[in-house]
Amino acid sequence: MSAAVEKVQAQFPDEIVEIYEFRGDTTIIIKPERIVEICTLLRDDRETSFRYLSSVAAVDYLPASPRFAVVYHLYSHRNKNRVALKAFLADDAYPSIHSVVPVWSTANWHERECYDLMGIQFRGHPDLRRILTPPECESYFPLRKEIPVRGL
Amino acid sequence: MNGAQTMPQTETMVLNLGPQHPSTHGVLRVVLELDGELIVKADPDIGYLHRGIEKMCEFRTYHQCLPLTDRIDYLAGSANNLGFVLAVEKLLGVEVPKRGQYIRVMIAELTRISSHLFWLGTHGHDLGAMTPLFYAFREREKLMDLFEMVWGGRLFPCYFRIGGLAADLPEGFTDQVWEFVETFPKKIEDYENLLTHNRIWIARTKGVGVMSPDEVLDWGWSGPMARGSGVDWDLRRDNPYSRYEDFDFVVPLGSNGDTYDRYLVRMEEMRQSNRIVRQVLENLPSGDINVADPRVALPPKERVYNNIEALINHFLIIEEGVIPPVGEVYQAIEAPKGELGFYIASDGTGHPLRVKIRAPSFANLAALGKLAKGRLLSDLIALIGTMDIVLADVDR
């Protein structure tokens, strides 16, 4: 069991939904509400020291519900290891989660991309605009499963 | 007259740099707010080259995704292929034989040299040094010839395949790589003679775009961008993949975190890559290049023609592709531009449920606005050059 799992278990026992290992990757599935606190803990704790956020990815599990999940890939330069945090978002129609930009500045563009392509709202994001697609795209989000790959 | 009346009222000006501008290295648009020549605010506007690769992957088999990854960072196609095939192999739980892995390392390091040469030529050219472009492209052209021997093309390799390689190395290839490896260190000296002590080069790069190690981690910089600030991190050494642990190389570090130090880091990285290629050549084992599992790698052609089971295996892989179990993996490699990560979620079918590409250029470019603020307009060109971005990598 990695230090990250132990820390989150000790400090946020009610937030953990599931912990799973697959091919050596550890993923902690958490409830979305306290994502900022959990990220701050993992970043600032001397043992875990996840000071680097590799990426933020949104996944659409349609037709399952809750259909949207956000996955954070964290890396520790001190321990040379990774952990993934994953949160399923309760609302299928208006998925949202708190922004982790206060924890890592790099989250700014990653979260904008998740908003742009999957329509995830990041509450408290300083500048939540479309980033890859033009602003005229209005209310459709290309990576959602109901959007066809061509012929929209 | 008092002073207040003689001072003219000034206001800032908005200037568009790009999306069609030679020094933005592609279709990058930067919306600049200028006070005279000083940058008040720089906002990179990206997405002009967004092709929806992540979306297209969801509608293809894993093998069919591979040519799309060529086009992520088109200056380092093999590096993208390597990241993707390693991620799929991790998902499948297979490991390529030693010879296959060594050849992958050799091609990946030659790709790194070719990518860095392109950076050197264009970065130098942007800042007014014309000669490095010709020198760097001369050697890059040699590498392109070598690549052409292996996969028939220049930029889009598709040579690494899930479970191994498309084919073994062609005859006479290693001799030509030896020739390159022997002569290349002298060429790096030539480049350094042009730039390292050049007063104009130093004036344009020293103290420009300084990032502290803490800022580097906060902004998610990786690769030479992080190492220029003294962040001692290289995925090849720290989380080795494809048997990088068998090779001896030094991870060069900068100390000031400015454009000049990042230049020095990349120059040294070319030397180290050259060293790794030499070690591969010295120790290249014989044997298979593909995994033996017929559900993963295509059987050899002779068997397909003469054996009904092999023919069926061949058809199944072409028609359905590989079918990984349900699960999610993240695999990162040290691409020439930094951490290239593939997050693949599989739902147990022949098509990925989700492919997320963590592109190094995207994360590195995000800090452009922060670095450009308060600098001169001409420094912005140095900053774009030092980031070594490829817009296809940024936009995907």
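Protein chains get the first letters and strands the later ones, always in sequence-line order, with residue 1 at the start of each. Please read all numbers here as calculations on a predicted model, not as lab measurements.
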Checking B:V355 against chain A: side chain, backbone, both or neither under 4.5 Å from a heavy atom? neither
Toward chain A, the part of B:L92 with a non-hydrogen atom under 4.5 Å: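 Looking at B:L92, just its backbone touches chain A.
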Modelled atom types, side-chain donor and acceptor of A:Y52 and B:E339, under 3.5 Å: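 Side chains of A:Y52 and B:E339: pair found under 3.5 Å.
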Scored by heavy-atom pairs under 4.5 Å with chain B, the best of A:N81, A:D116, A:T133, A:V59 is A:V59
According to the interplanar angle, ranging from 0 to 90°, do the rings of A:W109 and B:F362 count as parallel (below 30°), tilted (30 to 60°) or perpendicular (above 60°)?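 Answer is tilted, since the angle falls between 30° and 60°.
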Evaluate side chain to side chain contact (heavy atoms under 4.5 Å, CB included) for A:V149 paired with B:M56, printing each intermediate quantity in order. CA-CA 7 Å; A:V149 73; B:M56 284 155 79; 4.2 Å; yes
Distance, nearest 0.5 Å, that separates [atom1] of [X] from [atom2] of [Y]:
| X | Y | atom1 | atom2 | result |
| --- | --- | --- | --- | --- |
| A:E113 | B:I46 | CD | CD1 | 8.0 Å |
| B:D238 | A:Y75 | CG | OH | 5.0 Å |
| B:L235 | A:K80 | CG | NZ | 9.5 Å |

Which heavy atom of [X] sits nearest a heavy atom of [Y], and at what distance?
| X | Y | result |
| --- | --- | --- |
| B:H50 | A:L117 | NE2-CD2, 3.9 Å |
| A:T106 | B:G220 | CB-N, 3.7 Å |
| B:G327 | A:F22 | CA-CE2, 3.8 Å |
| B:D214 | A:R51 | OD1-NH2, 2.6 Å |
| A:A57 | B:K356 | CB-CG, 3.6 Å |

Are there residues of residues 388-396 of chain B that reach to under 4.5 Å of chain A by heavy atoms, and which ones? B:V394, B:D395, B:R396
Please check: side-chain N/O of [X] versus main-chain N/O of [Y], any donor-acceptor pairing under 3.5 Å?
| X | Y | result |
| --- | --- | --- |
| A:D25 | B:Y330 | yes |
| B:K55 | A:R144 | yes |
| B:R358 | A:S54 | yes |
| A:K145 | B:L353 | yes |

With only heavy atoms counted, which part of [X] is less than 4.5 Å from chain B, the side chain, the backbone, both or neither?
| X | value |
| --- | --- |
| A:R82 | side chain |
| A:V71 | side chain |
| A:D60 | backbone |
| A:A58 | backbone |

Heavy-atom count check: over 12 atoms from other residues, nucleotides or ligands less than 6.0 Å from A:R123 CZ?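 Above 12, so yes.
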Take a 6.0 Å sphere around CD of A:E47 and say whether it holds more than 12 heavy atoms from other residues, nucleotides or ligands. no
Counting heavy-atom pairs under 4.5 Å to chain A, which of [options] comes out on top?
| options | answer |
| --- | --- |
| B:E54, B:E215, B:K370 | B:E54 |
| B:L217, B:D218, B:V231 | B:D218 |
| B:A345, B:P44, B:G341, B:A363 | B:P44 |

Among B:E89, B:K90, B:Q331, exactly one meets side chain to side chain contact (heavy atoms under 4.5 Å, CB included) together with A:R23. Which residue is that?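 Exactly one pass, corresponding to B:K90.
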Taking salt bridge (Lys or Arg N to Asp or Glu O under 4.0 Å) as the definition, give me every residue that meets it alongside A:D91, ordered by chain and number, with sequence neighbours left out.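 A:D91 satisfies salt bridge (Lys or Arg N to Asp or Glu O under 4.0 Å) with no other residue.
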A side-chain contact here means heavy atoms from C-beta on lying under 4.5 Å apart; do A:R129 and B:D43 qualify?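 Answer yes - side chains close enough.
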